[in-house]
Amino acid sequence: MRKLLVDWFSGAARDLPWRRVPSPYRVWVSEIMCQQTQIATVLPYFERFLARYPDATALAKADENELMRMWEGLGYYRRARSMHAAAKQIVADHDGEFPLNYDHAIKLPGIGRYTVGAILSISANQPVPILEGNTLRVFSRLIGLRAAVDEKPSQDVLWKFAEGLLPRKSVPDRTRGPAAINQAAMELGALICTPREPKCLICPLAKCCVAHARGWQAEIPAKTNKIAYEPRSEFAALVSDPSGRWLVRQIPAGSRFAGMWDFPKAGPPEAHTLDEFAQWLATQAGGRWTIGEQMTSMKHAVTRYRITLHVHHATRRGSRPPAPWSFHSADELKHLPMSTTGRRLLDRLTKQNLITPSN
DNA sequence: AAAACGGGGAC
DNA sequence: GTCCCAGTTTT
């Protein structure tokens with residue numbers, strides 16, 4: 001199976017930037033960016049990130065705002081904050097070099113069992129197993145695992161399989177060793193053993209695959225918990241000062257979108273209705289508020305929530321709003337990290353102002 | 001064990 | 001719409 005995999009991989013591997021130069025730092029960055037994110041989405045971010053932060057030392061010194069701005073749009077922003085903290089730890093404890101030691105690496109924030117295996121195997125050819133979306137699908141189909149893959153016994157079986165797939169004796173040739181085997185298994189999941197309509201006809205492992213033999217491809221991997229999507233409404237207020245700057249705040253640490261800048265915005269449990277939103281605004285930013293007409297609405301998704309954001313013009317009377325609230329021009333906000341909806345909103349406002357100059 | 005965490009691509 | 005994506009951390 002190992003030979004079939006690496007032979008197929010040598011001809012089918014996609015040309016990815018972190019494969020050209022698989023240094024520990026570059027593989028680390030790629031692995032974090034790729035978590036729950038498709039490769040195509042990551043590519044432009046990766047190049048830009050590496051140019052700005054070429055090594056752990058540079059990343060450790062990064063400015064928070066700039067770092068979040070580099071990550072803006074990738075989502076799961078804790079990944080960026082964890083990387084920043086890990087980079088500082090690497091400078092402090094490991095002389096600025098990513099530790100190629102399992103026990104040290106897995107202690108770094110944001111690095112779990114999958115990521116440590118990926119980094120050590122891909123960058124250093126160490127025999128450490130991996131299990132993620134692709135290999136989970138490949139392995140569960142190969143062995144015909146019909147139990148739900150997210151249950152503990154299934155996870156144990158799959159991790160064991162991942163471990164058994166790696167050679168017992170060291171294979172220094174990284175085109176045939178753990179580096180190639182782990183990447184080949186993932187690549188097979190991404191290109192051949194796809195969630196829907198897997199390409200079994202051209203799969204190098206078809207002859208060893210239980211799911212293929214019994215026609216179980218559509219049932220495996222089996223999942224227990226279906227995602228229960230939940231619709232919800234959120235509200236945003238657009239308030240400008242006499243010089244056309246917008247009322248915004250930097251979201252405090254610990255909450256969703258921590259560190260990102262945004263317009264006044266709230267949803268459940270703080271605000272279920274426009275009236276509750278107005279009350280929330282008064283308690284948060286002070287002053288006397290009047291909610292005006294709706295400017296637009298935007299639909300977007302945050303994890304299992306399907307959100308409709310109602311955007312209203314608003315006026316606020318009173319003294320200067322307390323921290324963290326402040327007025328910033330669109331120009332200033334251009335360089336600050338914002339959520340994707342915040343950025344989209346700002347873009348629309350900027351374009352509108354080009355046509356009809358601000359009040 | 002389940003929920004939270006973002007956003008986009010594919011169908 | 002629904003599912004999925006080179007998962008980790010918190011509850």
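Chain A is the first sequence line, chain B the second, and so forth, proteins listed ahead of strands; every chain is numbered from 1. Not measured: the values here are computed from a predicted model.
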With DNA chain B as reference, determine whether A:Gly75 or A:Thr41 sits nearer its 5' end, using the nearest nucleotide of each. A:Gly75
Let me know, please, whether A:Glu197 or A:Met338 comes out on the 5' side of the other along DNA chain B by nearest nucleotide.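 Result of the comparison: A:Met338.
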If I pick the [atom1] atom on [M] and the same atom on [N], what distance separates them, to the nearest angstrom?
{"N": "B:dG6", "M": "C:dC3", "atom1": "C1'", "result": "16 Å"}
{"N": "B:dA10", "M": "C:dA6", "atom1": "P", "result": "12 Å"}
{"N": "B:dC5", "M": "C:dC4", "atom1": "C1'", "result": "16 Å"}

Under 4.0 angstrom, heavy atoms only, what part of the nucleic acid is [X] near: base, sugar-phosphate, or nothing?
{"X": "A:Ile32", "result": "nothing"}
{"X": "A:Tyr229", "result": "base"}
{"X": "A:Arg306", "result": "nothing"}
{"X": "A:Thr340", "result": "sugar-phosphate"}
{"X": "A:Trp71", "result": "nothing"}
{"X": "A:Arg343", "result": "nothing"}
{"X": "A:Thr115", "result": "sugar-phosphate"}
{"X": "A:Ile111", "result": "sugar-phosphate"}

Between [X] and [Y], does any side-chain N to carboxylate O distance fall below 4.0 Å?
{"X": "A:Arg245", "Y": "A:Glu332", "value": "no"}
{"X": "A:Glu72", "Y": "A:Arg69", "value": "yes"}
{"X": "A:Asp331", "Y": "A:Lys334", "value": "yes"}

Judged by each residue's nearest nucleotide on DNA chain C, which is more toward the 5′ side, A:Met186 or A:Ser82?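 With A:Ser82 and A:Met186 compared, the 5'-side residue is A:Met186.
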Nearest-nucleotide 5' precedence on DNA chain C, A:Gly110 against A:Ser30: A:Ser30
Per the atom types in the model, does the base of [N] pair as donor or acceptor with the side chain of [X] at under 3.5 Å?
{"X": "A:Arg78", "N": "C:dT8", "value": "yes"}
{"X": "A:Glu132", "N": "C:dG7", "value": "no"}
{"X": "A:Tyr114", "N": "C:dG7", "value": "no"}

So, is A:Tyr77 near the phosphate of B:dG7, with a side-chain N or O under 4.0 Å from OP1 or OP2? yes
So, OP1 or OP2 of C:dC5: does either fall under 4.0 Å of a side-chain N or O from A:Tyr76? no
Nearest-angstrom distance from the residue atom [atom1] of [X] to [atom2] of [N]:
{"X": "A:Arg79", "N": "C:dA6", "atom1": "CZ", "atom2": "C1'", "result": "11 Å"}
{"X": "A:Ile307", "N": "B:dG6", "atom1": "CD1", "atom2": "C1'", "result": "10 Å"}
{"X": "A:Gln36", "N": "C:dG7", "atom1": "CD", "atom2": "P", "result": "5 Å"}
{"X": "A:Asp262", "N": "B:dG6", "atom1": "CG", "atom2": "C1'", "result": "13 Å"}
{"X": "A:Arg196", "N": "B:dG9", "atom1": "CZ", "atom2": "P", "result": "15 Å"}
{"X": "A:His300", "N": "B:dG6", "atom1": "NE2", "atom2": "P", "result": "12 Å"}
{"X": "A:Ile119", "N": "C:dG7", "atom1": "CD1", "atom2": "P", "result": "13 Å"}
{"X": "A:Leu188", "N": "C:dA6", "atom1": "CG", "atom2": "P", "result": "13 Å"}

For A:Thr303 and A:Arg256, test the side chains for any donor-to-acceptor distance below 3.5 angstrom and give the result as yes or no.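 Short answer, no.
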Side-chain donor-acceptor contact under 3.5 Å, A:Arg19 with A:Gln183: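 Present: a donor and an acceptor within the cut-off.
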A:Thr115 and side-chain hydrogen bond (donor to acceptor under 3.5 Å, both in side chains): which single residue from A:Glu31, A:Glu132, A:Gln35 fits? A:Gln35
Nearest to the A:Arg256 side chain among C:dC4, B:dG6, C:dA6, which nucleotide is it? B:dG6
Sole residue of A:Phe49, A:Tyr53, A:Phe98 in ring pair (Phe, Tyr, Trp, His ring centres under 6.0 Å) with A:Trp28: A:Phe98
